[in-house]
Colleague: 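Following this message is one structure expressed as structure tokens.
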Amino acid sequence: MYAIEPNDAIDVAREIAAANGYADRIEFHHARSTDVTLPERGEVLIADIGGMLPWFERAIPSIVDARRRLLAPDGVILPRRDTIWTAVVDAAEMYSRLTRGWEANEFGIDMSAARDLVVNAWARGRISEDQLLAPPRRCAGVDYANIDDPDVEMNVEWVIARAGVGHGVAAGFDRTVVEGVEISNAPDAPAHVRPTLVYEPVFFPWPRPLVLEAGDVVSLELKASLLHDEYVWAWKTQARRGNGETKGVFNQSTFLGTPLSLERFRRQARQ
Ligand SMILES: C[S@@+](CC[C@H](N)C(=O)[O-])C[C@H]1O[C@@H](n2cnc3c(N)ncnc32)[C@H](O)[C@@H]1O
């Protein structure tokens, strides 16, 4: 058995293995899997290297590489697959946590430039079922035995089921670790399948809250593009009344949520 981990936490894993009598059965590699070669191919690849969503750092390219180089052709990958769910949410508290500090303006200072950044970054936080303004929609699937593309584009539309204030979209996954073993951080995940210690739903905020009525239609185009070691997330939202009248059009991206100076662009362009 091979255990591969670039973080120094691998020493704790070594100690735990030793304390349980497995020291001579596990070969530890203090490295990224992409930098490791093994003397044989494994029968099972266990990769819990994603984030709150599967598109995180270089998780997908690493799994693709390990599947090709380190796993036997008929080997098994755990987790098996993820289904991604998204929902329009009334998340006043989470939204206020993100934006309040830049809006309060207690000292008469305009700090809206920082507010523009935070509404272009995703956040994480618990969502309860009573915050959903429409039932979550399935918008993508990841089958780890077959995935090759590190990027994803999801398109989804909701008909609002009850009136409320929409603050953005929550996203999460139902994960089949192996047949019969499920975990979930989907917006409507029941408590008994929530991995409370690690994964929470992701919240993509809107630039401003939107008052929504039952029957309004909200559509979303959500894209993740891997650039070097990080994903750029882009989310385009349109909200309209049942009669087609536009209520809001938002075009957001984590690219707009990262302070990048013109000087840095110029420097990088020269490299
Ligand atoms: C989500 S955390 C693991 C969570 C842990 N399994 C748990 O349940 O608490 C992801 C870990 O994967 C490691 N990791 C990421 N990419 C890796 C790779 N290509 N090879 C080995 N480890 C990797 C990171 O260093 C990090 O420690």
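All residue numbers refer to positions in the sequence shown, counting from 1. Counting convention: from 1, in listed order, for ligands and their atoms alike.
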Colleague: Evaluate the ring planes of F204 and W233, with Trp represented by its six-membered ring, and classify them as parallel (under 30°), tilted (30 to 60°) or perpendicular (over 60°).
Modeller: tilted
Colleague: Nearest protein heavy atom to atom 26 (C) of ligand 1, by residue and atom, and its distance?
Modeller: E5 OE1, 3.6 Å
Colleague: Does a donor on one side chain and an acceptor on the other come within less than 3.5 Å for D174 and W85?
Modeller: yes
Colleague: Do me a favour and list the nearest non-hydrogen protein atom to atom 21 (C) of ligand 1 with residue, atom name and distance?
Modeller: I4 O, 3.4 Å
Colleague: Which of the atoms of ligand 1 are close to S33, meaning less than 4.0 Å from one of its heavy atoms?
Modeller: 18 (C), 19 (N), 20 (N), 21 (C)
Colleague: How far is atom 7 (C) of ligand 1 from its nearest protein heavy atom, and which residue and atom is that?
Modeller: D48 OD2, 3.7 Å
Colleague: Could you tell me which atoms of ligand 1, counted from 1 in the order shown, lie closer than 4.0 angstrom to a heavy atom of P6?
Modeller: 21 (C), 22 (N), 23 (C), 25 (O)
Colleague: Which residues pass the side-chain contact (heavy atoms from CB on, under 4.5 Å) test with A161, not counting sequence neighbours?
Modeller: P135
Colleague: Looking at F203 versus W122, is the centre-to-centre ring distance below 6.0 Å?
Modeller: no
Colleague: Are the side chains of V88 and I160 in contact, using a 4.5 Å heavy-atom criterion?
Modeller: yes
Colleague: Distance under 4.0 Å to a non-hydrogen atom of R32: what atoms of ligand 1 satisfy this?
Modeller: 15 (C), 16 (N), 17 (C), 18 (C), 19 (N), 20 (N)
Colleague: I need the atoms of ligand 1 closer than 4.0 Å to a non-hydrogen atom of G50, numbered in the order shown.
Modeller: 1 (C)
Colleague: Regarding S96 and R100, is there a side-chain donor-to-acceptor distance under 3.5 Å anywhere?
Modeller: yes
Colleague: Can you find a side-chain donor-acceptor pair between Y199 and D48 that sits under 3.5 Å?
Modeller: yes
Colleague: List the closest protein heavy-atom neighbour of atom 9 (O) of ligand 1: residue, atom name, distance to the nearest 0.1 Å.
Modeller: V198 CG2, 3.7 Å
Colleague: Using a 4.0 Å cut-off to any heavy atom of S62, which atoms of ligand 1 qualify?
Modeller: 19 (N)
Colleague: Considering only protein heavy atoms, which is closest to atom 14 (N) of ligand 1, and at what distance to one decimal place?
Modeller: I49 CG2, 3.6 Å
